[in-house]
Asker: 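Input: one structure, supplied below.
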Amino acid sequence: MVTSALPYANGPIHIGHLVEYIQTDIWVRFQKLRGNRCVYICADDTHGTAIMIRAGREGRSEVELIAQMSESHQADFAGFGIDFDHYGSTHCDENRQLCGEFWQAMRDQGLIVQRDVAQLYDPESNTFLADRFVRGTCPNCGAHNQPGDNCGPCGATYSPTDLIDPKSTLSGATPIVREAPHLFVQLEKLHGFLADWIDQSGALQSETANYLKGHFLAKELRDWDISRPAPYFGFEIPDAPGHFWYVWFDAPIGYIASTAQWCQAHGERLEDWWKSDQTEIHHFIGKDITYFHTLFWPGMLHAAGYQLPTKVHIHGFLNVGGEKMSKSTGTLVAAETYLRHADPSYLRYFYASKLGARVEDLDLGPEEFVDKINSDLVGKVVNLASRVGKFASRTGLAATYPEDGGLFAAAAAAGEEIAEAYEACEFARAMRRIMELADAANPFVERARPWDLNKDPDKLDELRDVCTVATNLFRQLAIYLAPVLPKLAEQCGQWLGDPIVRWDQSQTPLLGTAVQPFQRMMDRIPIEALHKMIEDSRNDDDTPTTDPAAQWNDSDQPLQAEPLAPEITIDEFAKVDLRIARIIEAEQVPEANKLLRLTLSLGGTERRQVFAGIKAAYTPEQLVGRLVVMVANLAPRKMRFGLSEGMVTAAGPGGAEVFLLGVDEGGLPGQRVH
RNA sequence: GGCGGAGUAGCUCAGUCGGUUAGAGCACCGGCUUCAUAAGCCGGGUGUCACCGGUUCAAGUCCGGUCUCCGCUACCA
């Protein structure tokens, strides 16, 4: 039983998602090629506030929205050769029923408690507001238009009910605080079980087990808020009318529900797949949803008497060109956009060549991508077939395997090692070994010189022998690569009239058979294709840029990261007393990670001590003597290292990217900024 | 600050149990070749194995420490 995480029905599939689905699909295809019984299950994750809001905004029902989204997801996956045994939806009767079963089990074991929760409620939309649907003024620093859970500028975390002047992003209305009963899972009651499972089962990569032990298991596990009051798009809780299961409760159960549908269609028993110790259960997920799958989910399975995962395979995120993907730079490439510009096999191979079994982010560099495809796949693998293709079609394959200097035997012997790498999800290692075999195969053709043999009619047998060797070496590669490149395996099978269906076909040469006319199997990719893809992707979502004098090409990213605050009056601005100040002392605060201690002079004897979070951006030496702009009438604040009596103005996202505001020539300490 | 990962050729990375002169692919240079998709073959490496110290007959590898980068996490005006 193998699953990938259920994609949320709120947006299209992009190349970041595809890391996981390609990784899983390769592993599943490998298992099947090895003759293992293996079922690959997935589904759309369809519930929650976001879906409800979006459907409302688009003026259609949730059911319509998720149906359309499911169709588009499945088309994207099909385009990349992701071969699910079944693709379902969390919004189905099977799931509702299974959720009820899990719920009852958890009730029976006394894991559920009820408590009132004060939450912001939008009286206009008649909706409780999730954190991200509220914006307001940060209670800590006063920054405007901040989201409901944390403040961008100061990083403070708080509850949305703490926000000053909160506004609903749905209606713009001022939310009211409303108490509503919520149901909680007392996860702490499963603490011992989870600790044992994480420690003993071997289901988790060591770094993940370590992370959980350090961050969650070290203290008491908090109750998990598992219900949402109406209105909510999801399943109503049978014994708590007006309350719905939180989407993260029914989503993983969707794995089982989707399996149930598959069972029904194929005459299988669900128990054999989810309640049998004869069946391995493998989840492939991204690191962002680690704790749902390593704490809540095992707890739920345990409570309901289902089999626990054999392995939770966790992968990292995709970067593009060394940076996080982003819409504005066009690196967040939609699956559909990719397919307009490049062959899906390329991405499958590229990811395979980068993926290991650890939780590590991977990087897609356009140059590296093009190099790998053109050198490895086209130059080495496919070209091997291509260079004898024409001759082989004429001669066919010899009846007995000719002398090849041990090449075929060596490649056959490498099969187990390659298989082990696949099995362990060390795809990069597998690809490396396969390319070594391809490297060894090409010199054979060179030395045998089939093009010379071809000119001499008397040497037809010799030519056939050479073709037999080269063709079989290619076929071995195609078999080893079949999990990654199913299309190539298919092409190879058609060419030689012998479909690739089993791994151990790599151990025996194909002999005494005719060969179909050779057709090219794969094209080189020009780097421009990737540039166009990114260009195209940038245009995909954004309106065309109407740039009259955009000669500086400034990104809109900073503004998006921190949208404009609400309008204020001149009087409100006047309350802020900004002054020019001179930094007369600057020193490190050894215990602080980000802070420098500054002494500012406002001229004369007026001094202020300020702690500024600019340590990563400036050294004390760079600062002494500089004029800066400070907030001079800010209430003093006691910090761990002393009293901070003001604030130095600076811009930038933070860390080393902090830029102090300067003062042009002539400004004097103590002068007010108007 | 805590936890985890990484640092080896211009780039991407192998390097097993400590054991010969530290490797591969790509890129680059020279030659050969013309079957093949301007593909292929042969040859070409002067690397501070991040740094310092230790153990050892022997350290890229083991131990201790330091630095840098990445991820998560905390603190942070």
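To find a chain, count down the sequence lines: A is the first, B the second, and so on, and within it residues start at 1.
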Asker: Find out whether A:Met630 and A:Met647 are in side-chain contact, i.e. whether some heavy atom of one side chain is under 4.5 Å from a heavy atom of the other.
Answerer: no

Asker: May I have the step-by-step check of salt bridge (charged side-chain N to carboxylate O under 4.0 Å, His left out) for A:Asp376 and A:Lys372, ending in yes or no?
Answerer: CA-CA 5 Å; A:Asp376 292 358; A:Lys372 272 214 153 81; 5.7 Å; no

Asker: Is it the case that atom NZ in A:Lys532 sees more than 12 heavy atoms from other parts of the structure closer than 6.0 Å?
Answerer: no

Asker: For the P atoms, the ones on B:G43 and on B:A24, what distance do you get once it is rounded to whole angstrom?
Answerer: 11 Å

Asker: Looking only at atom C1', what distance separates B:C52 and B:A59, rounded to whole Å?
Answerer: 15 Å

Asker: Figure out the CZ/C1' separation between A:Phe474 and B:A36, and round it to whole Å.
Answerer: 13 Å

Asker: Can you tell me, in whole Å, how much space there is between the P of B:G25 and that of B:U68?
Answerer: 36 Å

Asker: Rounded off to whole Å, could you give me the CG-to-P distance for the A:Asp371 and B:C13 pair?
Answerer: 13 Å

Asker: Within less than 4.0 Å of OP1 or OP2 of B:U34, is there a side-chain N or O belonging to A:Arg449?
Answerer: yes

Asker: Expressed as a whole number of angstroms, how long is the span from A:Leu318:CG to B:C70:C1'?
Answerer: 15 Å

Asker: Could you give the CZ-to-P distance, from A:Phe369 to B:G25, as a whole number of Å?
Answerer: 22 Å

Asker: Quick one: label A:Val378 by what it contacts on the DNA or RNA (base, sugar-phosphate, nothing), any heavy atom closer than 4.0 Å.
Answerer: base

Asker: Charged N to carboxylate O under 4.0 angstrom, A:Lys287 versus A:Asp361?
Answerer: yes

Asker: Check every atom of B:G71, B:C13, B:C35 against the side chain of A:Glu446 and return the nucleotide holding the closest atom.
Answerer: B:C35

Asker: Any heavy-atom pair between the side chains of A:Val484 and A:Met431 that's under 4.5 Å?
Answerer: yes

Asker: With rounding to the closest Å, how many angstrom separate the C1' atoms on B:C49 and B:A14?
Answerer: 13 Å

Asker: Starting the side chain at C-beta, find the nucleotide from B:G2, B:A36, B:U33 nearest to A:Trp451.
Answerer: B:U33

Asker: It should be established whether A:Arg429 places a side-chain nitrogen or oxygen under 4.0 Å from OP1 or OP2 of nucleotide B:A14.
Answerer: no

Asker: Kindly point out which of B:C35, B:G4, B:U37 is positioned nearest to the side chain of A:Val382?
Answerer: B:U37

Asker: For A:Asn442, answer base if it contacts any base atom (sugar-phosphate contacts may also be present), sugar-phosphate if it contacts only those atoms, and nothing otherwise; contact means non-hydrogen atoms under 4.0 Å.
Answerer: sugar-phosphate

Asker: Scan A:Phe317 against the nucleic acid and name what it touches under 4.0 Å (heavy atoms): base, sugar-phosphate only, or nothing.
Answerer: nothing

Asker: Rounded to whole Å, how long is the line connecting atom CD of A:Glu417 with atom P of B:U16?
Answerer: 13 Å

Asker: Out of B:G4, B:C41, B:A36, which has the shortest distance to the side chain of A:Pro443?
Answerer: B:C41

Asker: Measure CD1/A:Ile289 against P/B:C72 and give the value in whole Å, please.
Answerer: 15 Å

Asker: Which whole number of Å gives the distance between the P atom of B:U46 and that of B:A9?
Answerer: 14 Å

Asker: Under a 4.0 Å threshold between the charged nitrogen and the carboxylate oxygen, would A:Asp461 count as salt-bridged to A:Lys459?
Answerer: no

Asker: Rounded to whole angstrom, note down the C1' distance from B:A22 over to B:G60.
Answerer: 8 Å

Asker: Give the nucleotide from the list B:C42, B:C35, B:U12 with an atom nearest to the side chain of A:Lys372.
Answerer: B:U12

Asker: Would you say A:Lys390 places a side-chain N or O within less than 4.0 Å of OP1 or OP2 belonging to B:A36?
Answerer: yes

Asker: Determine which bases of RNA chain B form Watson-Crick or G-U wobble pairs with both distances under 3.5 Å, and write the result as a 5' to 3' dot-bracket string with | for other-strand partners.
Answerer: (((((((..((((.....[...)))).(((((.......))))).....(((((..]....))))))))))))....

Asker: Using side-chain hydrogen bond (donor to acceptor under 3.5 Å, both in side chains), reason through A:Arg582 and A:Ser601 one step at a time and then give a plain yes or no.
Answerer: CA-CA 5 Å; A:Arg582 190 184 297 281; A:Ser601 165; over 6 Å; no

Asker: NZ of A:Lys354 versus P of B:A6: gap in Å, rounded?
Answerer: 16 Å

Asker: Is A:Lys213 atom NZ crowded by more than 12 heavy atoms from other residues, nucleotides or ligands, each under 6.0 Å away?
Answerer: yes

Asker: If you check the A:Lys380 side chain, which of B:G71, B:C26, B:A39 turns out closest?
Answerer: B:C26

Asker: Given that A:Arg432 and A:Gly379 both sit by RNA chain B, which one's nearest nucleotide is further toward the 5' end?
Answerer: A:Arg432

Asker: What nucleic acid atoms does A:Met521 come within less than 4.0 Å of, heavy atoms only: base, sugar-phosphate, or nothing?
Answerer: base

Asker: Given the C1' atoms of B:G7 and B:A50, what is the spacing between them in whole Å?
Answerer: 6 Å

Asker: On RNA chain B, does the nearest nucleotide to A:Arg520 precede the nearest nucleotide to A:Lys324 from the 5' side, or the other way round? Give the residue.
Answerer: A:Arg520

Asker: Remember a base hit wins even if backbone is also touched, and classify A:Met435 as base, sugar-phosphate or nothing at under 4.0 Å, heavy atoms.
Answerer: nothing

Asker: Just the rounded figure in Å: distance from P of B:U33 to CG of A:Asn454.
Answerer: 19 Å

Asker: Inspect the surroundings of CD in A:Gln519 and state if more than 12 heavy atoms from other residues, nucleotides or ligands are less than 6.0 Å away.
Answerer: no

Asker: Starting the side chain at C-beta, find the nucleotide from B:G4, B:U37, B:U73 nearest to A:Asn383.
Answerer: B:U37

Asker: Please state the P separation for the pair B:C26 and B:G44 - nearest whole angstrom.
Answerer: 15 Å

Asker: Got A:Asn442 and A:Leu384 here, is their nearest side-chain heavy-atom distance under 4.5 Å?
Answerer: yes

